[in-house]
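Basis for what follows: all heavy atoms, side chains included, without hydrogens, waters or symmetry-related copies.
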Amino acid sequence: MNLTITDVTLTPILVADPPLLNTQGVHQPYTPRLIVEVVTADGITGVGETYGDAKYLELARPFAERLKGRQVSDLNGLFTVADQVAVDASRVENAVDVGGLRGVQTADKLRLSVVSGFEVACLDALGKALGLPVHTLLGGKVRDAVEYSAYLFYKWAHHPEGVPAEKDDWGAAVDPAGVVEQARRFTERYGFTSFKLKGGVFPPDQEIAAVRALAEAFPGHPLRLDPNGAWSVETSVEVARELGDVLEYLEDPALGTPAMAEVAARTGVPLATNMCVTTFAEIQEAFTKGAVQVVLSDHHYWGGLRNTQQLAAVCRTFGVGVSMHSNTHLGISLAAMTHVAATVPDLHHACDSHYPWQSEDVLTERLTFEGGKVAVSDAPGLGVELDRERLAVLHRRWLDDDGTLRDRDDAAAMRIADPAWVTPAMPRW
Ligand SMILES: O=C([O-])C(=O)C[C@H](O)[C@@H](O)C(=O)[O-]
Ligand SMILES: [Mg+2]
């Protein structure tokens with residue numbers, strides 16, 4: 001068996017995205033992703049997926065060059081390679097990530113997000129070469145299916161008039177009744193039993209009313225609300241007081257570890273984060289201050305599936321819960337999330353996934369949710385197959401774009417509907 005990497009292909013694509021609202025603005029009609037393929041000397045191809053914005057692409061290209069001649073099994077070496085790739089200072093100075101939804105941008109965060117795509121591709125190739133599923137390479141699954149939550153968004157019925165976009169059949173959700181209707185569709189289509197509402201869009205009293213309506217429609221089901229740090233400490237404490245009896249956790253109510261610690265000290269509602277703890281360096285302060293009770297891991301942020309396991313071990317050590325965060329992603333990443341989640345012993349919360357919002361994919365067969373769960377594949381590697389025709393179509397869309405959609409910009413998308421829109425100063429309420 002020859003595990004030497006002989007070729008690496010990077011395919012940036014644009015995938016359809018519905019008009020989902022968050023505190024920064026609204027999703028653009030198409031969003032960039034990067035598909036990574038590594039090929040071994042034996043002709044085995046492994047696939048990975050990560051962010052596709054220009055700042056990731058410009059790191060992924062020199063990274064890919066350095067991989068040729070290395071072994072797909074040399075996963076630790078990926079971090080050494082990442083350190084050799086220079087990050088342009090302008091990419092990290094005063095910059096925020098994912099439209100401001102992932103905290104402050106750093107060179108490390110950029111590098112780790114790139115490593116994650118390659119690590120998954122290497123694990124897929126290695127698994128295929130050995131005839132073993134990725135979860136076995138990670139030490140073995142402790143469950144046969146991974147539970148996901150319904151990721152509810154306030155949304156418009158369609159993108160603004162005149163903007164080229166794919167249609168979606170979810171309808172609008174801009175009030176409590178719309179949110180409950182969307183939740184019903186999620187349960188009918190996918191069987192989800194827990195619900196997360198993306199907040200920070202409307203004033204808190206309206207979002208409290210939406211969560212109350214969900215609690216009434218789905219009594220006893222786990223509920224979460226995530227305003228992406230849009231509230232002051234006082235507002236966060238007030239919302240926690242109002243919704244404490246129905247929330248499984250409140251996600252990033254306030255921005256930054258000190259504010260989260262203050263909120264945590266003043267409420268009994270557990271706080272979750274994918275904003276103030278997104279790297280190992282941020283753990284110590286947050287955990288010693290008791291700022292978060294649940295960390296939402298994300299293998300793209302943390303540098304891959306093995307780092308996600310390490311994060312879970314640190315959380316376990318400190319008695320902090322762990323679950324999973326999601327941005328827009330396709331089936332390769334859902335498969336990767338499912339493999340790693342299957343190996344984490346104490347995963348007590350359903351994971352987030354945007355996948356139901358994605359009508360397009362690059363796989364020959366979409367992954368499915370049964371009873372809100374994705375079955376853990378025992379096929380070699382990730383257990384997914386690339387649909388090269390679809391990949392080519394979505395890449396063509398990326399090639400044809402004049403640059404406006406190649407970098408995610410929720411504020412720019414919002415300005416099309418509301419020219420006066422400026423990214424809100426935080427805290428917004
Ligand atoms: O949990 C979160 O904070 C997110 O999922 C961030 C995402 O970027 C989401 O808010 C979105 O895509 O609008
Ligand atoms: Mg969040």
Side-chain angles (χ1 to χ4, degrees), residues 9 11-18 30-31 33-39 43-50 52 116-117 120-138 141 143-151 166-170 185-186 188-192 299-300 305 324 326-343 351-398:
T9 311
T11 313
I13 57 174
L14 283 177
V15 293
D17 214 9
Y30 299 99
T31 199
R33 295 296 284 171
L34 174 63
I35 306 302
V36 176
E37 292 172 75
V38 297
V39 184
I44 291 173
T45 300
V47 294
E49 172 191 344
T50 190
S116 71
V120 168
C122 286
L123 280 165
D124 185 37
L126 184 59
K128 284 174 177 161
L130 298 173
L132 296 172
V134 165
H135 65 76
T136 299
L137 302 180
L138 297 174
K141 62 179 179 181
R143 58 184 65 80
D144 293 322
V146 171
E147 189 178 357
Y148 288 87
S149 64
Y151 197 160
E166 311 303 313
K167 290 214 176 342
D168 73 74
D169 65 354
W170 289 90
R185 285 190 178 207
F186 264 104
E188 281 162 20
R189 292 179 183 185
Y190 307 107
F192 294 118
H299 73 273
H300 306 93
L305 306 188
M324 259 188 217
S326 151
N327 273 134
T328 304
H329 66 86
L330 298 178
I332 298 171
S333 279
L334 183 61
M337 290 159 73
T338 302
H339 276 279
V340 68
T343 70
C351 301
D352 290 350
S353 173
H354 273 246
Y355 194 60
W357 292 113
Q358 263 46 72
S359 56
E360 299 179 327
D361 203 346
V362 293
L363 300 182
T364 51
E365 245 182 84
R366 274 184 81 87
L367 274 75
T368 54
F369 297 93
E370 301 285 341
K373 295 180 177 179
V374 175
V376 181
S377 167
D378 291 322
L382 290 172
V384 299
E385 201 188 321
L386 210 49
D387 180 336
R388 294 194 174 279
E389 259 173 52
R390 285 305 299 156
L391 184 66
V393 168
L394 303 187
H395 179 53
R396 169 52 53 196
R397 191 188 276 152
W398 184 89

key: Test item: Val374 and Tyr148 side chains (from C-beta on) under 4.5 Å apart, heavy atoms   = yes

task = Apply salt bridge (charged side-chain N to carboxylate O under 4.0 Å, His left out) to Asp352 and list each qualifying residue two or more places apart in sequence or on a separate chain.
result = Lys196, Arg224

query = Of the non-hydrogen atoms in Glu166 and Ala16, which two are nearest, and what is the gap between them?
reply = CG-CB, 3.4 Å

query = Roughly how far, to the nearest 0.5 Å, is CE of Met337 from SG of Cys351?
reply = 6.0 Å

ask   = Which residues satisfy the ring pair (Phe, Tyr, Trp, His ring centres under 6.0 Å) test with Phe192, sequence neighbours excluded?
value = Phe186, Tyr190, Phe369

query = Sequence neighbours excluded, which residues qualify as side chain to side chain contact (heavy atoms under 4.5 Å, CB included) partners of Val376?
reply = His135, Lys141, Val146, Thr338, Ala342

Set of residues satisfying side chain to side chain donor-acceptor pair (under 3.5 Å) with respect to Lys373, sequence neighbours excluded = none

Qualifying residues under salt bridge (charged side-chain N to carboxylate O under 4.0 Å, His left out), relative to Glu385, sequence neighbours excluded = none

request  = Could you list the residues that satisfy ring pair (Phe, Tyr, Trp, His ring centres under 6.0 Å) with His329, not counting sequence neighbours?
outcome  = none

key: Side-chain donor/acceptor of Asp361 to backbone N/O of Arg366, under 3.5 Å   = no

ask   = Do Val340 and Leu138 come close enough that some side-chain heavy atom pair is under 4.5 Å?
value = yes

ask   = Which heavy atom of Gly46 sits nearest a heavy atom of Asp124, and at what distance?
value = CA-OD2, 3.4 Å

key: 4.5 Å side-chain heavy-atom contact, Leu386 and Ile332   = yes

ask   = Please walk me through it: do Leu330 and Leu363 pass side-chain contact (heavy atoms from CB on, under 4.5 Å)?
value = CA-CA 9 Å; Leu330 298 178; Leu363 300 182; over 6 Å; no

request  = Report the residues that fulfil side chain to side chain donor-acceptor pair (under 3.5 Å) with Arg189, sequence neighbours left out, ordered by chain and then residue number.
outcome  = Asp169

request  = Return the set of residues passing side chain to side chain contact (heavy atoms under 4.5 Å, CB included) with Leu132 (not counting sequence neighbours), or none when no residue passes.
outcome  = Leu130, Thr136, Leu137

ask   = Does atom CD of Glu365 have more than 12 heavy-atom neighbours, drawn from other residues, nucleotides or ligands, at distances under 6.0 Å?
value = no

ask   = How long is the gap from OG on Ser353 to CD on Glu147, to the nearest 0.5 Å?
value = 13.0 Å

Minimum side-chain heavy-atom gap Val362-Thr11 below 4.5 Å = no

query = Which is it for Ser377 and His339 under the side-chain contact (heavy atoms from CB on, under 4.5 Å) test, yes or no, and what are the steps along the way?
reply = CA-CA 8 Å; Ser377 167; His339 276 279; 4.2 Å; yes

For His299, all residues meeting ring pair (Phe, Tyr, Trp, His ring centres under 6.0 Å), sequence neighbours excluded = none

request  = Would you check, one step at a time, whether the test side-chain contact (heavy atoms from CB on, under 4.5 Å) holds for Gln358 with Thr328?
outcome  = CA-CA 8 Å; Gln358 263 46 72; Thr328 304; 3.4 Å; yes

query = Is there a donor-acceptor contact under 3.5 Å from the side chain of Asp17 to the main chain of Thr31?
reply = no

query = Roughly how far apart are Asn327 CG and His354 NE2, rounded to 0.5 Å?
reply = 5.5 Å

key: Listed partners of Trp398 passing ring pair (Phe, Tyr, Trp, His ring centres under 6.0 Å), at least two apart   = His395

query = With sequence neighbours left out, which residue pairs that include part of residues 387-396 fulfil the salt bridge (Lys or Arg N to Asp or Glu O under 4.0 Å) condition?
reply = Glu37-Arg388, Glu360-Arg390, Arg396-Asp400

Student check: side-chain heavy atoms of Leu367 and Val384 closer than 4.5 Å = yes

inquiry  = Checking the side chain of Lys128 only, and the main-chain atoms of Thr45 only, is there a donor and an acceptor separated by less than 3.5 Å?
reply    = yes

inquiry  = Let me confirm one number: the OG-NE2 distance from Ser116 to His300, rounded to the nearest 0.5 Å.
reply    = 5.5 Å

Under the salt bridge (charged side-chain N to carboxylate O under 4.0 Å, His left out) test, residues paired with Asp168 that sit two or more places apart = Lys155

